[in-house]
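Let me begin by presenting the structure, written as structure tokens, before commenting on it.
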2 protein chains.
Amino acid sequence: MLDQIKYYRNFEAGQTVIWAGDKMDFVGSVVSGIATLTQTMEDGRTQMVGLLLPSDFVGRPGRRTAAYDVVATTDVVMCCFRKQPFEDMMNRTPHIAQRLLEMTLDELDAAREWMLVLGRKTAREKIASLLSIIARRDAALNMGGKEGPMVFDLPLTREAMADYLGLTLETVSRQISALKKDGVIVLEGKRHVTVPDFNRLLDEAGDDSDGGLLA
Amino acid sequence: MLDQIKYYRNFEAGQTVIWAGDKMDFVGSVVSGIATLTQTMEDGRTQMVGLLLPSDFVGRPGRRTAAYDVVATTDVVMCCFRKQPFEDMMNRTPHIAQRLLEMTLDELDAAREWMLVLGRKTAREKIASLLSIIARRDAALNMGGKEGPMVFDLPLTREAMADYLGLTLETVSRQISALKKDGVIVLEGKRHVTVPDFNRLLDEAGDDSDGGLLA
DNA sequence: CGAAATCCTTGATTCAGATCAACACGCCAA
DNA sequence: TTGGCGTGTTGATCTGAATCAAGGATTTCG
């Protein structure tokens with residue numbers, strides 16, 4: 001049913017999808033690429049409040065304006081629905097509202113997990129936490145839980161990582177270097193990461209190593 | 001309809017409502033009193049991830065276990081529904097799922113707002129942010145937006161505030177003293193707060209003074 | 001090709017908030 | 001009444017991350 005009202009939009013790396021406060025007349029989900037949700041204070045301090053990976057949902061049924069800036073970090077393809085038809089559909093199809101509730105609850109858990117990271121973890125733990133999340137998401141996306149080292153590319157610049165973690169880009173760079181020196185990760189170039197021992201990484205993140213629900 | 005399956009539960013100040021990871025066979029909402037949602041790391045570092053004030057919802061349809069510790073800070077009365085009947089009701093009544101989605105989206109916004117506080121604000125701004133939220137909630141609850149100074153009691157100990165703000169209790173104490181010295185707030189005893197100029201407080205919080213959506 | 005822009009790294013110094021420590025106040029129970 | 005306990009304040013010192021500063025490596029573009 002949804003197929004009949006969907007359409008696709010493409011965004012280039014660096015392009016802003018929506019500005020906070022703008023009217024937003026569609027909802028959608030990320031098909032490919034990576035986008036970020038950010039808040040900015042008047043003086044320029046910036047905090048990323050969400051990372052949108054493929055399959056993540058964007059937009060709020062029942063809200064007329066965007067609450068945050070949405071920026072494409074890489075080239076992004078989004079599958080969109082005009083808001084009005086989507087909401088009509090939602091009213092007629094309870095299942096959709098329930099699915100959406102499910103997804104929103106997941107997002108809420110992820111946000112709260114992140115509050116612990118921002119409020120209580122050290123810089124090194126923050127970096128390790130971010131790397132675990134990306135590694136996990138990447139592994140889930142690319143294939144079943146094959147054993148052995150995890151390999152992935154960082155989808156974010158050092159500055160974007162800093163904005164996610166509540167750090168400066170210099171501290172991010174230093175801590176990544178430190179994790180590399182200590183053998184927790186292996187770097188090829190600036191973005192290509194190998195994690196020889198995922199449990200070691202989780203340990204550095206300060207997470208319960210038996211697998212939390214970082215989502 | 002919901003009235004027919006509801007029941008009440010009382011909790012004393014300090015009592016734990018649910019432990020993270022425990023099976024949770026009810027959902028509910030706070031009727032009176034204040035409870036907190038907290039996460040703890042193995043080494044004891046604690047982060048509050050939510051503040052439950054009267055009317056706030058607790059629990060997750062579709063989840064079997066609690067994700068966080070829920071602790072009553074004051075005496076609390078909760079209105080509860082057993083989970084199974086509640087979920088049945090939800091399936092039969094689309095309106096409930098939509099209302100719940102609405103509330104969850106609000107919580108998500110609040111959590112993201114808090115990520116900015118935790119990640120980017122100074123200690124003083126953090127305290128001011130917390131005070132504004134409490135002041136606003138309190139004003140909304142007690143009466144229409146009467147002009148003039150806002151007056152309320154802090155429902156949290158210094159330590160609980162520290163856990164919410166990602167600070168130590170000493171820093172909380174110092175910053176409250178500083179705000180008091182600077183006339184941003186007036187303190188009687190340790191808990192009774194008067195805010196002579198709410199815009200001044202918002203300014204100290206670093207928020208857009210024309211009223212953001214702190215929830 | 002060289003110039004400019006991005007993105008990243010590393011070093012030196014500073015500083016906000018943590019940590020360590022002492023003490024004040026109110027309250028309750030022995 | 002005294003001692004213990006929970007709560008809060010304040011001072012002295014320490015430290016992790018911010019800030020300031022200088023380049024290096026790639027890519028882009030004129």
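Lettering of chains follows the sequences in order, A, B, ..., and the numbering in each one begins at 1. Side chains are part of it too, since the values below use all heavy atoms of this structure and drop only hydrogens, waters and symmetry mates.
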Base, sugar-phosphate, or nothing for [X], non-hydrogen atoms under 4.0 angstrom?
X: A:Thr168; value: base
X: B:Gly166; value: sugar-phosphate
X: A:Thr157; value: sugar-phosphate
X: B:Leu169; value: base
X: B:Arg124; value: nothing

Which whole-number value in Å describes the distance from [X] [atom1] to [N] [atom2]?
X: B:Glu170; N: D:dT7; atom1: CD; atom2: P; answer: 15 Å
X: B:Leu187; N: D:dT7; atom1: CG; atom2: P; answer: 18 Å
X: B:Lys126; N: C:dG17; atom1: NZ; atom2: P; answer: 8 Å
X: A:Leu179; N: C:dC8; atom1: CG; atom2: P; answer: 16 Å
X: B:Leu156; N: D:dG6; atom1: CG; atom2: P; answer: 19 Å
X: B:Glu188; N: D:dG8; atom1: CD; atom2: C1'; answer: 17 Å
X: B:Lys190; N: D:dT7; atom1: NZ; atom2: P; answer: 12 Å
X: A:Asp163; N: C:dC8; atom1: CG; atom2: C1'; answer: 15 Å

Handout entry: First of B:Arg191 and A:Gln175 reached from the 5' end of DNA chain D, by closest nucleotide
Key = B:Arg191
Practice task
Between A:Thr171 and B:Glu159, name the one whose nearest nucleotide on DNA chain D is closer to the 5' end.
Solution key: B:Glu159
Practice task
Please confirm whether the backbone N or O of B:Arg45 pairs with a side-chain atom of B:Asp43, one donor and one acceptor, at under 3.5 Å?
Solution key: yes
Handout entry: A:Arg174 (side chain) and C:dG11 (base): donor-acceptor pair under 3.5 Å
Key = yes
Exercise for the section: Give a yes/no on whether any side-chain N or O of A:Ser173 is located under 4.0 angstrom from OP1 or OP2 of C:dT9. Expected result: yes
Exercise for the section: Report the C-alpha distance between B:Leu156 and B:Leu51 in whole Å, list the side-chain angles of each, state the deciding distance to 0.1 Å, and finish with yes or no for side-chain contact (heavy atoms from CB on, under 4.5 Å). Expected result: CA-CA 10 Å; B:Leu156 302 172; B:Leu51 193 56; 4.1 Å; yes
Fill in the blank from the handout: From the candidates D:dA18, C:dT10, D:dT9, the one with an atom nearest any side-chain atom of A:Ser177 is C:dT10
Problem - Worked verdict on A:Arg60 versus B:Asp106 for salt bridge (Lys or Arg N to Asp or Glu O under 4.0 Å) - result: CA-CA 10 Å; A:Arg60 302 243 169 296; B:Asp106 285 342; over 6 Å; no
Practice task
Decide whether a cation-pi geometry holds between B:Arg99 and B:Phe57; the criteria are a distance under 6.0 Å from NZ or CZ to the six-membered ring centre and an angle within 45° of the ring axis.
Solution key: no
Problem - Check ion pair A:Arg174-A:Glu170 (N to O, under 4.0 angstrom) - result: no
